[in-house]
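Counting starts at 1 for both ligands and their atoms, following the listed order. What's counted below: heavy atoms across the whole structure, side chains too, no hydrogens, waters or symmetry copies.
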Amino acid sequence: MIAIKNILLLNNFEEPQKCKKSDILIENNLITKICNAGDLKIPEGATIIDGTKKAIMPGLINTHTHIPMTIFRGVADDLPLMDWLGNHIWPLEAKLDEEIIHAGTMLGCMEMIKTGTVAFNDMYFFTDSIIKAVESVNMRCTLSYGLIDLCDEEKRESEMNSQKDVLNSLEKAHNKNELINAAVGPHAPYTCSAELLQHAHDLAKEHNVPMNIHMNETEDEIKQIKEKTGLRPFEFLNSLGVFDDINVVAAHCVHVSENEMKILKDKNIYVSHNPLSNLKLGSGIAPIPTYLKNNINVTLGTDGCASNNNLNLFESIKACATIHKGVQQDSTVVKVSEVLNMATKNASKALNYNSGEIKEGMWADLVILDLKNPTLIPNKNIVSHLAYSFNGVVETVIINGKIVLEDGKMTTMDEDKVYEKAEEAYLNLVN
Ligand SMILES: C[C@H]1O[C@@H](n2cnc3c(N)ncnc32)[C@H](O)[C@@H]1O
Ligand SMILES: [Zn+2]
């Protein structure tokens, strides 16, 4: 049990003036009581957190990551997507092993938690090793294995087998630990055959899990699909039934035609907007204001650390809240509340979570900020600061009712050991 006393509750991004000092009770993994500051009867045995000069917000949810890629930080800068992937990232990924993956995941989880992220939606390889790390950290995640067959029949067969094993592992892990969730992750239309895409869809439907896929990141890949199929990527996948009756989280969606926009809307597809990765790889800028106007669900992601190069979602929040104003030459588009909802409430919906807001009955996935932080002063318009000024350094993080970061220190890992293992993993990767 955790009782948080006298804390500024940031639970209303639309009407920040209504955010007020409150007491909160957490029992097991849930928020069970929220009341006016001073009104909570503290149960015996509760851990008490004094919230004076502090604020509490829903933990952020990062909807597009390749978490073990923290080890790739800085290895291949300033290249376009296809060159970056084909000539730099994939050759290095051929050298991955369980230890590198574990080390990268631990470092990634630490970075996310220290910058206010409580959950992430990932696509990568060596899923068992990721599960092991995430379980030890006590972080929430949705994990998918990145399916790639490059239209090779033999490879397809082996990918389908791997996928079966990974889903089994994930379902076993979920039964043991509810923080671990499964998804299927066909990498992209340009790396997967139609058969593999359909197979992934059928599995997602059968197992009732989301699909995680890269869509329309660059003009190049769209041209490639158009030449091959006569259709644009969303049109092609829609014709295969890939979006039917499942939750799809489509990363990037930078270049989308009007007809594709209609598919996004009709199929209720969740966009994971990764503004910093799209800028760094020179891919372009997604038409977020148009998505919002069309009531398309937008969420936020960082992408992996080889294309961002960090996992601080507050940076993506600021990028999202500013870039589109510049592009449109209209400072009224993408409002503070809209961008904060992308990183919390919308993401929770995309991943079928019970979080993203601070309400009784919801998961206790919460972040506490020390208001004595230069980027949060004056302490008046904190909700605005979350979008525009906060440096992302948070004080305390609670995930599923458990304190994982306390006064800036991880409670579930030895930080120095994580740094050491990450350095070792880097050397093993590049040498
Ligand atoms: C799961 C697979 O996705 C790759 N990957 C990482 N970042 C991107 C991106 N922006 N676009 C496409 N693929 C990416 C990883 O390097 C891995 O090969
Ligand atoms: Zn990606």
Side-chain angles (χ1 to χ4, degrees), residues 62-97 100-101 104-105 108 120-127 129-130 141-150 155 159 162-163 166 183-192 196-197 200 210-222 224-225 233 248-255 270-286 299-311 313 316 319 347 350 429-430:
N62 187 339
T63 59
H64 188 71
T65 58
H66 307 281
I67 208 66
M69 292 185 88
T70 45
I71 301 300
F72 290 65
R73 205 189 309 270
V75 296
D77 290 336
D78 310 332
L79 297 163
L81 177 70
M82 292 305 169
D83 182 11
W84 175 80
L85 263 182
N87 300 322
H88 299 266
I89 300 300
W90 284 340
L92 280 176
E93 285 179 339
K95 294 165 67 183
L96 287 171
D97 62 29
I100 299 175
I101 296 285
T105 306
F120 62 101
N121 180 38
D122 201 77
M123 180 201 290
Y124 216 60
F125 316 115
F126 295 90
T127 315
S129 195
I130 301 178
C141 59
T142 298
L143 302 178
S144 56
Y145 166 73
L147 287 163
I148 298 178
D149 69 354
L150 303 172
K155 181 98 170 91
E159 287 290 82
S162 304
Q163 173 67 81
V166 171
V184 294
H187 173 262
Y190 60 90
T191 46
C192 294
L196 191 59
L197 290 163
M211 176 187 282
N212 187 11
I213 185 166
H214 295 98
M215 291 297 296
N216 297 36
E217 184 174 1
T218 56
E219 297 274 23
D220 261 9
E221 77 198 54
I222 295 169
Q224 209 177 307
I225 300 295
V248 176
V249 180
H252 305 305
C253 304
V254 176
H255 307 279
Y270 291 85
V271 172
S272 174
H273 177 38
N274 293 210
L276 291 166
S277 170
N278 298 155
L279 286 171
K280 182 170 185 256
L281 292 173
S283 305
I285 297 175
T299 68
L300 277 184
T302 53
D303 212 352
C305 271
S307 65
N308 184 313
N309 294 2
N310 69 34
L311 300 168
L313 203 63
S316 303
L429 184 71
V430 297

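For Tyr145, no heavy-atom contact with ligand 1 is shorter than 4.0 Å. Here His66 has side-chain heavy atoms under 4.0 Å from ligand 1, and that is the only part of it that gets that close. Of the heavy atoms in Leu81, only side-chain atoms (C-beta onward) come closer than 4.0 Å to ligand 1.
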- Report the C-alpha distance between Cys305 and Leu311 in whole Å, list the side-chain angles of each, state the deciding distance to 0.1 Å, and finish with yes or no for side chain to side chain contact (heavy atoms under 4.5 Å, CB included). CA-CA 7 Å; Cys305 271; Leu311 300 168; 3.7 Å; yes
- Item | Derivation of the side chain to side chain contact (heavy atoms under 4.5 Å, CB included) call for Thr299 and His64 | CA-CA 9 Å; Thr299 68; His64 188 71; over 6 Å; no
- Would you check, one step at a time, whether the test side chain to side chain contact (heavy atoms under 4.5 Å, CB included) holds for Asp78 with Trp84? CA-CA 8 Å; Asp78 310 332; Trp84 175 80; over 6 Å; no
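Close N/O approach between Tyr190 and ligand 1 is not found [any backbone or side-chain N/O within under 3.5 Å]. Between Ser307 and ligand 1, no N or O atom pair is found at a separation short of 3.5 Å. Checking only distances, Tyr124 never comes within under 3.5 Å of ligand 1, N or O to N or O. In terms of polar-atom proximity, Asp303 is counted as a contact of ligand 1, with an N or O under 3.5 Å from an N or O of the ligand.
The ligand atoms of ligand 1 that sit less than 4.0 angstrom from a heavy atom of Ile89 are 16 (O).
Of the possible donor and acceptor atoms, one in the side chain of Ser144 sits under 3.5 Å from a partner among the backbone N and O of Asp122. Not one N or O on the side chain of Glu217 forms a donor-acceptor pair closer than 3.5 Å with the backbone of Asn278. Checked by atom type and distance alone, the side chain of Ser272 never pairs as donor or acceptor with a backbone atom of Ala250 at under 3.5 Å. In terms of modelled atom types and a separation under 3.5 Å, the side chain of Asn216 and the main chain of Pro233 share no donor-acceptor contact.
For the residue pair Asn308/Ser277, the side-chain donor-acceptor check at 3.5 Å is not satisfied.
When only non-hydrogen protein atoms are considered, atom 15 (C) of ligand 1 lies nearest to Glu93 OE2, 3.2 Å.
Residue contact check for ligand 1: Phe72 places no non-hydrogen atom closer than 4.0 Å to it.
The Zn ion (ligand 2) has an N, O or S atom of His64 inside 2.8 Å of it.
Sorting the N, O or S atoms of Asp303 by how far they are from the Zn ion (ligand 2) puts OD1 first.
Residue nearest to atom 13 (N) of ligand 1, selected from His187, His252, Glu217: His187 (by heavy-atom distance).
Ring geometry for His66 against His214 counts as parallel: the plane angle stays under 30°, on a 0 to 90° scale with 60° as the upper cut.
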